[in-house]
Amino acid sequence: MEERQRRKLGQLFVFGFNGTTVTPGIKQMIQEHFIGNIILFSRNIKNKKQLFELTTQLQQLAKEAGHERPLAICIDQENGAVRRLGDDTTTLPGAMLLGATSEPLYANEVGKLTAKEMRALGVNWNLAPVVDVNNNPENPVIGVRSFGEDPEKVASFSQAMMKGMQSEGVMTTLKHFPGHGDTNVDSHHALPIITHSRKRLFEVELVPFQACMKAGADMIMSAHVVFPAFESNSTLPATLSKQVIKDLLRETLGFDGVVVTDCLEMDAIAGTVGTAQGALQAFQAGVDLLMVSHRFERQQETVDVFTKEISKDQSLDDRLEDSYKRVIQMKDRYLSWAQLPQVKDIDKVGSLENKGRAAAIYEKGITAIGDRRLDESKPVLVFYPEKSKQSLAEDPRKNERPIEAVLDSQLAEFVPINKGELLDHYLAIAASYEQIIMASRSIEEGSFQQVFIKELVRQGHEPIVIGTQNPYDYGFIPKNLTYVSTYEHTESAIKAAFNFLYEKAEAYGDFPVTTHREGGGVGI
């Protein structure tokens with residue numbers, strides 16, 4: 001393959017790497033294979049200064065290699081449950097808390113704040129917003145990453161978020177097409193199937209995508225999910241489906257922007273057809289950007305497969321020209337060597353002004369049911385789950401106990417609960433407290449935490465339950481208890497909840513999803 005083709009091919013890959021400094025592997029990919037797009041994760045980020053230095057070095061390598069345009073450098077900065085930027089940046093509300101505000105203007109403002117901080121650190125492409133309609137309480141991977149369960153509401157908030165980021169010069173990505181909200185399987189682990197009819201999918205799942213396309217969407221990310229209504233092969237996920245990408249997205253919906261895959265190392269692809277072959281099939285189906293986020297050997301294999309196949313198949317060379325044109329047109333709208341961030345821009349990141357605006361929006365989204373409050377003159381006992389289920393989309397954070405950072409340890413006792421302990425042990429601790437907090441992240445039916453809450457009530461306690469992530473937890477608690485939903489396990493959200501409980505602020509939010517379950521929660 002001649003160098004002209006190799007340079008064009010490189011613009012169609014999105015590769016990642018391990019560590020907080022440039023690795024020999026990613027350097028080779030940028031300089032020898034002309035890879036034009038980089039994905040970063042928390043593993044690549046220590047703090048804002050280090051991130052700025054890393055993105056600056058990556059761009060310098062590309063410039064030295066003769067790249068005509070800067071690298072597109074992306075992260076999943078959805079905010080809330082999924083965020084990659086470090087602790088010295090502004091913690092901003094995630095999608096479902098924003099949905100709870102019922103005001104899309106807040107989504108627009110958060111989009112702007114997100115993009116400003118990203119751009120200042122050299123990250124010019126966000127893998128957000130999530131426009132999935134979360135209408136399945138059992139969804140293990142979307143949940144609070146969605147704005148809610150109403151398609152029109154998700155559409156309006158997605159548009160607002162997207163436009164906010166675009167206005168500050170950051171490329172955006174609608175995900176996960178044609179919809180990942182009604183699955184009970186995580187595509188990081190297996191291949192989900194959504195069996196809804198074509199009519200239903202157009203009335204629900206596709207509504208936010210269509211609205212954002214009309215508003216000027218940059219990119220759409222495909223889902224590793226099977227949709228029999230659109231794809232006749234019952235084992236073929238949307239990412240690999242010509243009927244989904246070409247027929248539905250391109251022709252029926254008329255989208256001519258860039259289509260990017262979700263990571264092709266997820267088990268739904270890597271565990272079936274394989275990463276390199278999956279990349280080729282996705283490309284043949286009409287996808288433009290192929291994402292291989294982690295392993296150098298899989299990246300190299302993918303490049304080798306494409307180099308070989310394009311050299312012998314004229315139709316693939318035509319597809320290369322088509323996708324290259326789309327990617328370059330998008331880059332030219334956002335990127336230039338003259339507009340890279342400067343060192344002085346770092347000071348804008350994590351500013352008191354940004355944190356103040358974020359705190360005000362958190363207050364608008366925190367949702368409270370019940371009128372029990374806390375008395376600051378009395379001690380409080382806080383129970384919280386020692387371990388919680390977590391999607392692979394989320395990053396383990398350094399501070400896994402934000403509730404301890406919010407409350408003064410002189411006024412509170414913190415007790416992690418583990419179902420391996422005897423229930424009587426925890427009940428004995430609770431016996432001497434008037435004020436008890438039960439913090440949850442994801443209560444499951446019949447779980448130890450559900451039983452524990454029930455027993456506390458039976459013994460005459462009236463615990464306040466703080467749902468620090470999953471709002472559906474409200475369906476598992478007695479309805480006479482006060483419940484506060486933060487929608488995310490972040491210090492900022494939990495602080496807003498305690499400001500409400502200590503009567504220092506109000507909680508204005510409304511649930512953006514249906515939280516009740518058949519049977520009305522736990523019996524007393």
Side-chain angles (χ1 to χ4, degrees), residues 5-18 22-23 25-41 43-45 51 54-77 84 118-119 121-128 165 169-175 217-222 239 257-265 275-276 278-280 282-283 287-296 298-300 302-303 306-307 319-320 322-337 339-340:
Q5 277 186 308
R6 289 172 54 226
R7 286 183 177 273
K8 289 184 176 182
L9 179 61
Q11 291 296 320
L12 307 190
F13 295 120
V14 187
F15 288 171
F17 59 98
N18 287 316
V22 173
T23 62
I26 203 66
K27 180 178 180 180
Q28 177 185 337
M29 286 296 170
I30 293 170
Q31 296 198 318
E32 295 181 18
H33 296 293
F34 308 105
I35 300 306
N37 315 281
I38 303 295
I39 181 169
L40 300 178
F41 292 88
R43 68 189 182 197
N44 304 115
I45 301 169
L51 176 57
L54 176 61
T55 58
T56 299
Q57 187 177 1
L58 288 166
Q59 295 291 14
Q60 185 61 36
L61 288 171
K63 195 167 189 178
E64 289 172 358
H67 287 230
E68 293 182 5
R69 298 161 185 83
L71 299 169
I73 301 178
C74 67
I75 57 173
D76 293 284
Q77 191 64 16
R84 310 302 192 211
M118 287 175 59
R119 284 287 304 201
L121 299 175
V123 183
N124 48 41
W125 169 17
N126 200 356
L127 299 174
M165 289 188 285
V170 164
M171 295 176 282
T172 58
T173 313
L174 312 179
K175 59 188 188 185
D218 300 308
M219 268 176 284
I220 289 177
M221 177 181 284
S222 61
T239 295
V258 174
V259 180
V260 58
T261 69
D262 207 339
C263 181
L264 294 163
E265 291 180 272
T275 296
L280 183 62
F283 185 65
V287 172
D288 302 304
L289 289 174
L290 299 311
M291 185 179 295
V292 185
S293 304
H294 304 290
R295 301 182 191 177
F296 174 78
R298 286 181 172 174
Q299 295 167 356
Q300 185 65 63
T302 302
V303 171
F306 271 76
T307 301
R319 278 285 301 113
L320 171 60
D322 187 40
S323 289
Y324 173 78
K325 181 180 177 180
R326 285 198 190 94
V327 171
I328 292 307
Q329 286 177 340
M330 180 186 66
K331 282 191 169 187
D332 283 344
R333 290 197 300 272
Y334 288 92
L335 307 179
S336 79
W337 288 117
Q339 293 182 328
L340 295 181

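This is a predicted model, so every value here is computed, not measured.
By the 4.5 Å heavy-atom criterion applied to side chains, T172 and M219 are not counted as neighbours. No side-chain heavy atom of L12 sits under 4.5 Å from any side-chain heavy atom of F306. In this structure, the side chains of N44 and I75 stay at 4.5 Å or more apart for every pair of heavy atoms. N124 has its side chain out of reach of Q339: every pair of non-hydrogen atoms, C-beta onward, lies at least 4.5 Å apart. Within the 4.5 Å cutoff, the side chain of I30 has heavy atoms near those of the H67 side chain. The side-chain heavy atoms of E68 and R7, taken from C-beta on, include no pair separated by under 4.5 Å. Side-chain contact check for L121 versus I45: every heavy-atom pair is 4.5 Å or farther apart. Taking 4.5 Å as the limit, some side-chain heavy atom of L51 sits within range of a side-chain heavy atom of V123.
Residues L290 and A282 approach most closely at CD1-CB, 3.9 Å, considering heavy atoms. Taking both residues in full, the closest heavy atoms of T55 and G122 are given as OG1-CA, 3.5 Å, listed atom of the first, atom of the second, then distance. The shortest non-hydrogen separation linking N37 to G10 is ND2-O, 4.3 Å. Listed here is the closest heavy atom pair of Q11 and L289: O-CD2, 3.2 Å.
No donor-acceptor pair closer than 3.5 Å links the side chain of D76 to the backbone N or O of A128. Using a distance-only test at 3.5 Å, with no hydrogens or angles considered, a donor-acceptor pair links the side chain of T275 to the main chain of L264. Not one N or O on the side chain of H294 forms a donor-acceptor pair closer than 3.5 Å with the backbone of C263.
Evaluation of the ring-ring contact (aromatic ring centres under 6.0 Å, His included) rule for F34 yields no partner, not counting sequence neighbours. In this structure T261 satisfies the side-chain hydrogen bond (donor to acceptor under 3.5 Å, both in side chains) test with no other residue, sequence neighbours excluded. For Q59, there are no side-chain hydrogen bond (donor to acceptor under 3.5 Å, both in side chains) partners two or more places apart in sequence or in a different chain. Listed by chain and number, the residues in a side-chain contact (heavy atoms from CB on, under 4.5 Å) with T23 are F17, I26 (sequence neighbours excluded). For the side-chain hydrogen bond (donor to acceptor under 3.5 Å, both in side chains) test, residues two or more places apart in sequence or in another chain that qualify with T173 are W125. With sequence neighbours left out, the side-chain contact (heavy atoms from CB on, under 4.5 Å) criterion links Q31 to K27, L61, E64, A65. Under the rule for a side-chain contact (heavy atoms from CB on, under 4.5 Å), the partners of K63 that lie at least two apart in sequence or sit in another chain are W337. R295 is linked by a side-chain contact (heavy atoms from CB on, under 4.5 Å) to E265, E297, R298, counting only residues two or more places apart in sequence or in another chain. Residues passing the side-chain hydrogen bond (donor to acceptor under 3.5 Å, both in side chains) test with H33: none are found, sequence neighbours excluded.
Considering CE of M291 and OG1 of T302, their distance stands at 13.0 Å, rounded to 0.5 Å. With values rounded to the nearest 0.5 angstrom, L340 atom CG is found 7.5 Å from T56 atom OG1. Distance check: M330 CE to L335 CG gives 7.5 Å after rounding to the nearest 0.5 Å. With rounding to the nearest 0.5 angstrom, the CZ atom of R6 is 7.5 Å from the OG1 atom of T307. Atom CG of N126 is separated from atom CE of M118 by 4.0 Å, given to the nearest 0.5 angstrom. The structure places CG of N18 at 10.0 Å from CZ of F41, a figure rounded to the nearest 0.5 Å.
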| task | Would you please test Q299 and F13 for side-chain contact (heavy atoms from CB on, under 4.5 Å) and show each step? | result | CA-CA 9 Å; Q299 295 167 356; F13 295 120; over 6 Å; no
| message | Is there a side-chain contact (heavy atoms from CB on, under 4.5 Å) between K175 and D262? Walk through the geometry before answering. | response | CA-CA 9 Å; K175 59 188 188 185; D262 207 339; over 6 Å; no
| L40 and R84: side-chain contact (heavy atoms from CB on, under 4.5 Å), yes or no, with the steps? | CA-CA 8 Å; L40 300 178; R84 310 302 192 211; over 6 Å; no
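Pairs passing the salt bridge (charged side-chain N to carboxylate O under 4.0 Å, His left out) check and including a residue from residues 325-334, sequence neighbours excluded, read R69-D332, D218-R333, D256-R326, D288-R326, D322-R326.
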